[in-house]
Amino acid sequence: MGSHLYYLVTICALFICKCIAAENEGNVRLRRQTSTIKITTIEEEPYLMVVNENATGNARFEGYMVDLLQKIAYQLGVDYELELVPDGKYGSLTAQGDWSGMVGQLINGEADMAAAPLIISYLRMKHVDFSQPFMQSGLSVLMKKPTSPRERADLFAILYPFSYEVWFLIIVAFVVVGFMHYVLSRFSPYEWRALAERNEVTSTEGQYFNCMNSFWFVFSTLTLQGYHNSPRSIATRLLSVVWFFFTIVILFAYFSNLGVALTTERIRMSPIQGFDDLSRQTEVQYGAFANGSTASFFRHSKIEVFKKMGSFMDSNPTLFVSSMKEGIDKVLESDGRYAFISDTPSLQFTVASAKDCRLYLMPGEAAPRSYAFAFPQDVALRRDVDQTLLILKENGQLDALKAKWWKDGCEQDKESRAKSTPESRTGPRVLSLNTLGGLFILLLVGVIVSIVAVICEIAVYKLKSKDNAKKTETEGTGAMV
């Protein structure tokens, strides 16, 4: 009998507890439906933008976050009030051990929810709760497009095909080959000068390859103007053959590259093609939000490339910025010497909305991360928001919202890509010594071979002269006898 009474009392107690819990849950839901949720947020395009400062309440704002909150509020049947975070920060741990920004407001009970591109991090999760992610992100680098040839003065457009080193070596090659033609013609016993001294040709013909005419011969062949008189000795002809080959290759490379440079509007991208390239150079400086999750990632990363970048930024505090607008302005004003590191979606919007298409994202993305709503710890509102986000994700409304606010690249870039040919997309490549170095080496070898040849010619001529002198002496002695 006692045991039956015990079971009966236990069942009644469980039933009463369940009823009380259901009543409390209903009261909570009713209270949520009849009260206004206070949401802290931050101004950042295209998530939330102030469009009407004279308006009141939520009518002041528009953006991706506003549209998303409207859908969530409609699903839950609640009202909400948006307020900008006073200090304009997402939330980080200060030196005094307090939290700033939106995270600080949640911890201090000043807000019921934080709605922004807030990154889920381990440190933040120890103090606040996060919802299901509503967007995936990563870290990208915003850079300014280098000034293209069309944007610079075109007075020296004819110099674009070659690098400055190549132009310098072409001038050196011209001087060396011209001088060597003069020297070889002067010392070779089979050239015009030596023949004139032996009265085998006229004195006028003996001046064919003096100093001035030697340089004129080299210049006229370089510009494909032809020549009136050709060298006679093997040494000078060897040098001329190598010079002709050098000239053909140089002119072909020059005109093919010049044609593309003058007929296509090419935007030359930076040679920095990834985080590794960025970390190994110092010409382009880079920075991020001060005391944000991005800066924290670089400071505490175990990957050597990112750790090196974090040390570089910490060594120069002026590289950090306090807002997205400040970072973008710094990139534009630096003329390609400053790069801004931030979340990929925000930078994609910045590039797509730029009117003059001066900005682009460096190839590559780092540190995959997620955006989510934040709440004070252990509140029932988070579970309801999670369920709503899953519904919006499954029916495609989250993707539709992102497509609404994020364009697919700059309009001018899309038009130019549609009209361009494969050659005009890549543009002409400035030819450097890495490409043409072998040609200059071949020319140097030709000069050396021609010097050896003229030495051989002199030696052969002297031997022949001695033999002729002996024959003449022998014939003279025989005649006397």
Side-chain angles (χ1 to χ4, degrees), residues 30-91 99-119 128 131 134-135 137 289 292 321-329 332 342-343 345-355 371-376 379 381-382 384-385 388-389 391-392 397-407 411:
L30 180 63
R31 187 164 58 251
R32 235 187 278 139
Q33 292 172 357
T34 56
S35 63
T36 300
I37 300 173
K38 185 176 181 181
I39 301 178
T40 180
T41 186
I42 191 169
E43 184 176 5
E44 182 176 328
E45 295 181 331
Y47 300 97
L48 186 135
M49 298 164 284
V50 178
V51 293
N52 188 355
E53 295 183 355
N54 297 324
T56 58
N58 300 336
R60 295 172 294 166
F61 310 111
E62 73 171 20
Y64 172 88
M65 197 60 61
V66 175
D67 292 349
L68 180 56
L69 287 173
Q70 287 175 353
K71 292 181 180 297
I72 294 174
Y74 176 79
Q75 290 284 340
L76 297 180
V78 298
D79 295 325
Y80 66 93
E81 180 184 355
L82 286 170
E83 289 295 337
L84 293 174
V85 60
D87 61 5
K89 296 180 179 179
Y90 287 89
W99 280 86
S100 62
M102 294 180 288
V103 176
Q105 286 190 299
L106 294 175
I107 295 173
N108 298 330
E110 300 173 10
D112 302 315
M113 175 179 173
L118 195 62
I119 296 171
V128 297
S131 68
F134 60 80
M135 186 181 295
S137 177
F289 281 116
V321 297
S322 58
S323 67
M324 174 69 73
K325 184 178 184 303
E326 183 183 350
I328 296 170
D329 291 341
L332 291 172
S342 188
D343 298 328
S346 299
L347 296 184
Q348 285 175 337
F349 176 81
T350 300
V351 172
S353 59
K355 295 181 180 180
Y371 292 154
F373 298 113
F375 305 85
V379 295
L381 179 60
R382 181 185 64 81
D384 295 337
V385 172
T388 305
L389 285 174
I391 294 172
L392 296 176
Q397 293 191 55
L398 285 183
D399 294 332
L401 277 181
K402 187 172 183 181
K404 173 185 176 180
W405 289 102
W406 273 266
K407 300 176 184 178
E411 291 298 327

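Residue indices begin at 1 and follow the sequence shown.
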Could you go through Met65 and Ile39, starting from their C-alpha distance and side-chain angles, then the distance that decides it, and tell me whether this counts as side chain to side chain contact (heavy atoms under 4.5 Å, CB included)? CA-CA 11 Å; Met65 197 60 61; Ile39 301 178; over 6 Å; no
Yes or no on side chain to side chain contact (heavy atoms under 4.5 Å, CB included) for Phe61 and Val51, after CA distance, side-chain angles and deciding distance? CA-CA 6 Å; Phe61 310 111; Val51 293; 6.0 Å; no
Go through it in stages, so that I can follow the logic: the residues are Ile72 and Phe373, the test is side chain to side chain contact (heavy atoms under 4.5 Å, CB included), and I'd like the CA-CA distance, side-chain angles, deciding distance and then a yes or no. CA-CA 12 Å; Ile72 294 174; Phe373 298 113; 3.6 Å; yes
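What you find for Ala111 and Leu106 is that their closest heavy atoms are O-CD2, 3.6 Å. Of all non-hydrogen atoms in Val128 and Phe375, the two that sit nearest each other are CB-O, 3.3 Å. In plain terms, the two heavy atoms of Ser137 and Pro345 that are nearest each other are OG-CD, 3.0 Å. Taking every heavy atom of both residues into account, Ser323 and Phe289 meet most closely at C-CE2, 3.1 Å. Across Met102 and Ala114, no two heavy atoms sit closer than the pair CB-CB, 4.1 Å. Closest approach of Gly101 and Asp87 over heavy atoms only: N-OD2, 2.8 Å.
Atom CH2 of Trp406 is separated from atom OG of Ser346 by 7.0 Å, given to the nearest 0.5 angstrom. Interatomic distance, Tyr47 OH to Met135 CE, rounded to the nearest 0.5 Å: 4.5 Å. Note that CD of Gln397 is 4.0 Å distant from NZ of Lys71, once rounded to the nearest 0.5 Å. Atom CG in Asp112 sits 7.5 Å away from atom CG in Leu381 (nearest 0.5 Å). Between atom CG of residue Asp79 and atom NZ of residue Lys38 there is a gap of 16.0 Å, rounded to the nearest 0.5 Å. The line from CE of Met113 to CD of Glu81 is 14.0 Å long, rounded to the nearest 0.5 Å.
By the 4.5 Å heavy-atom criterion applied to side chains, Val385 and Leu76 are counted as neighbours. Here the side chains of Leu118 and Tyr371 are not in contact, with every heavy-atom distance at 4.5 Å or above. For the pair Leu68/Trp405, no side-chain contact is recorded, criterion being any heavy-atom separation below 4.5 Å from C-beta on. In this structure, the side chains of Val66 and Asn58 stay at 4.5 Å or more apart for every pair of heavy atoms. Phe134 is not listed as a side-chain neighbour of Leu401, based on a closest heavy-atom distance of 4.5 Å or more. At a threshold of 4.5 Å between non-hydrogen side-chain atoms, the residues Tyr64 and Leu398 count as touching. Put simply, the side chain of Thr40 does not reach to within 4.5 Å of the side chain of Glu83, judged on heavy atoms. Side chains of Lys89 and Ile42 form no contact here, defined as non-hydrogen atoms less than 4.5 Å apart.
Put simply, the side chain of Thr41 gets close to the backbone of Ala115: a donor and an acceptor are under 3.5 Å apart.
Not counting sequence neighbours, the partners of Asp67 by the salt bridge (charged side-chain N to carboxylate O under 4.0 Å, His left out) test are Lys404. With sequence neighbours left out, Asn54 forms a side chain to side chain contact (heavy atoms under 4.5 Å, CB included) with Asn52.
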